[in-house]
2 protein chains.
Amino acid sequence: MARPLKALQMPNLGESIKDFAWRQITESGASSLSLRKIARELGITAPAIYNYFSDRDALVTALIIDAYASFGDCQHEAKASFPDPGQEVERLRATGIAYRQWALQYPHRYLLIFGSPVPGYVPPMQELLPVMMRSLGALTGVIAELHAGGRLDAHGIPPPVAEPGHRLFTLMGSADPGMLSVYSVAMLIWSRVHGIVSLEVTGQLPPFAEDGEALYRFELDSICRQFIRPSVAVPDATGFFRNR
Amino acid sequence: MARPLKALQMPNLGESIKDFAWRQITESGASSLSLRKIARELGITAPAIYNYFSDRDALVTALIIDAYASFGDCQHEAKASFPDPGQEVERLRATGIAYRQWALQYPHRYLLIFGSPVPGYVPPMQELLPVMMRSLGALTGVIAELHAGGRLDAHGIPPPVAEPGHRLFTLMGSADPGMLSVYSVAMLIWSRVHGIVSLEVTGQLPPFAEDGEALYRFELDSICRQFIRPSVAVPDATGFFRNR
DNA sequence: AATTTATATTTACAGTGTAAATATACTATG
DNA sequence: CATAGTATATTTACACTGTAAATATAAATT
């Protein structure tokens with residue numbers, strides 16, 4: 001037999017391959033992903049997969065893109081849960097909480113994105129940049145809104161080096177150079193959130209600190225304390241907007 | 001031939017295997033580590049390695065332990081560069097700077113420790129805990145010294161859950177339960193430092209923020225601002241030791 | 001009806017980690 | 001000194017892996 005009748009074929013084989021790949025990753029980790037094993041479970045031969053993915057790396061890239069989509073959806077949903085003006089702080093906290101929840105709910109997706117799990121795989125940044133920017137866009141969006149509302153404290157933050165036309169401007173949705181340090185704030189917050197969550201997900205926190213949730217909530221609190229001014233029209237003893 | 005003359009044998013074959021493994025990791029990444037390739041370059045056959053390492057994983061564990069030793073040395077040296085009483089803040093900054101420098105100098109060692117690079121490898125925590133604790137001990141030591149000098153601000157920090165006899169007490173070198181929140185501070189600082197450095201080393205910072213050094217120095221500054229009180233006998237307008 | 005294209009299969013190759021059996025150099029013991 | 005035991009290697013073999021090449025056939029197109 002060379003090719004089965006269409007009636008016997010599996011519909012959407014491309015999606016099925018990804019499904020089985022995810023199942024395999026979830027069961028035994030991303031490192032043990034095997035085209036042959038996927039084919040075996042799908043009842044086809046291994047080279048047939050090459051009709052849908054030119055490479056094993058192409059499959060991994062497709063999985064990463066899906067993971068980023070799931071992650072980005074989660075981030076944007078969390079952000080949209082506090083849509084009203086004046087809810088910027090709650091919006092920021094919600095995206096932060098959602099970050100950790102998503103990572104704990106889908107540790108393998110998280111590790112596929114932020115770890116380096118698959119043997120010889122090198123991520124094609126050019127292809128991944130759009131989905132990376134979209135998911136990061138939830139955070140940068142919140143920060144930009146805080147900035148617009150005059151509640152962002154970005155003093156002393158080193159702005160990234162970027163000439164006009166740089167992708168950072170398109171990410172921020174603005175060509176205002178003053179937005180660049182706003183963007184640096186997003187990177188700093190991202191790195192803090194990522195730091196504690198990555199340690200927790202990879203199991204490097206548990207040997208030392210058992211209660212990841214408490215640590216994480218403290219970290220979110222101190223992030224808010226550092227980068228957010230108290231609400232407008234609440235001057236302190238020394239002056240306006242001077243909470244440091 | 002079954003066994004070459006001792007005169008022709010390579011001395012310290014066990015060490016040589018690790019050397020070639022490191023060279024291989026440095027050249028083409030930890031994921032492409034191959035016993036056969038090591039044996040080929042060493043002029044022996046692959047199974048001969050099993051006389052020195054029971055497993056491929058055993059070899060990886062040995063490499064990780066070496067990497068931790070290098071990392072721990074670097075941390076403790078940085079700490080020892082400001083040994084005098086009263087230099088606690090400089091001591092903390094020095095270990096922070098050293099953390100990033102070591103990671104950038106030996107990215108593959110860093111990734112071997114903090115990433116999950118080798119295919120099916122699962123780290124044997126019980127075996128690695130001592131070297132992990134030693135390298136983390138530099139940071140916890142500095143924090144403990146800040147605490148002893150009355151310059152640590154740990155208010156609001158959730159202490160880890162630990163009954164007497166827990167390894168955290170041995171790590172802190174004290175059975176004082178009050179030291180536990182001190183320990184949480186170390187975890188928080190570690191996670192922040194790790195977050196920004198891991199993004200930079202894995203190349204996930206560059207697409208967005210080019211100048212990692214500036215961001216890192218800012219992060220160290222804000223860490224110091226958050227957790228360190230101003231020096232003694234410098235009361236502010238509202239009272240002593242009330243810098244928040 | 002003939003041709004092209006899409007989707008498989010079969011076969012094959014080079015690579016991997018590692019288990020088993022085997023052979024020899026070195027070391028210790030009777 | 002002879003002999004047994006141990007350490008260190010080789011050879012062989014197995015079950016995997018990703019993937020390239022050639023081939024065959026169903027479905028779509030001309």
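Here is how names work: the chains are called A, B, and so on, in the same order as the sequence lines, proteins then strands, and each is numbered from 1.
- Between the side chains of Tyr110(B) and Ser198(B), no donor-acceptor pair is found at a separation under 3.5 Å.
- Taking atom OH on Tyr121(A) and atom C1' on dT19(D), their separation rounds to 18 Å, with Å as the unit.
- Residues forming a salt bridge (charged side-chain N to carboxylate O under 4.0 Å, His left out) with Arg36(A) (at least two apart in sequence, or on another chain): none.
- Ring centroids of Tyr99(A) and Phe71(A) are separated by less than 6.0 Å, placing the two rings close together.
- Comparing Pro47(A) and Lys37(A) against DNA chain D, the residue whose closest nucleotide sits nearer the 5' end is Lys37(A).
- In this structure, a donor-acceptor pair under 3.5 Å is present between the side chains of Arg192(B) and Ser222(B).
- Remark: P of dA9(D) and CD1 of Ile38(B) are 15 Å apart, rounded to the nearest angstrom.
- Computed from coordinates, the Arg36(A) CZ to dT16(C) P distance equals 16 Å when rounded to whole Å.
- Using a 4.0 Å heavy-atom distance criterion, Ser34(A) is classed as a sugar-phosphate-only contact.
- Rounded to whole Å, the distance from CG on Asp55(B) to C1' on dG17(C) is 9 Å.
- Applying the 4.0 Å criterion to OP1 and OP2 of dA14(C), one finds that Arg40(B) has every side-chain N and O outside that range.
- Taking atom CG on Leu42(A) and atom C1' on dT7(C), their separation rounds to 14 Å, with Å as the unit.
- Leu33(B) comes within 4.0 angstrom of sugar-phosphate atoms only, judged by non-hydrogen atoms across all strands, and of no base.
- To the nearest angstrom, P of dT10(D) lies 14 Å from CG of Leu35(B).
- Atom CG of Leu13(A) and atom P of dA6(C) are 16 Å apart (whole Å).
- Donor-acceptor pairing under 3.5 Å, judged by distance alone, is absent between the side chain of Asn51(A) and the base of dA6(C).
- Applying the 4.0 Å criterion to OP1 and OP2 of dA20(D), one finds that Arg56(A) has every side-chain N and O outside that range.
- Rounded to whole angstrom, the span from the CD1 atom of Ile44(B) across to the C1' atom of dT18(C) amounts to 15 Å.
- Regarding contacts with the backbone of dT7(C), every side-chain N or O of Tyr50(A) stays at 4.0 angstrom or more from both OP1 and OP2.
- Under the 3.5 Å distance criterion, with hydrogens and angles disregarded, a donor-acceptor pair is assigned to the side chains of Trp102(A) and Ser70(A).
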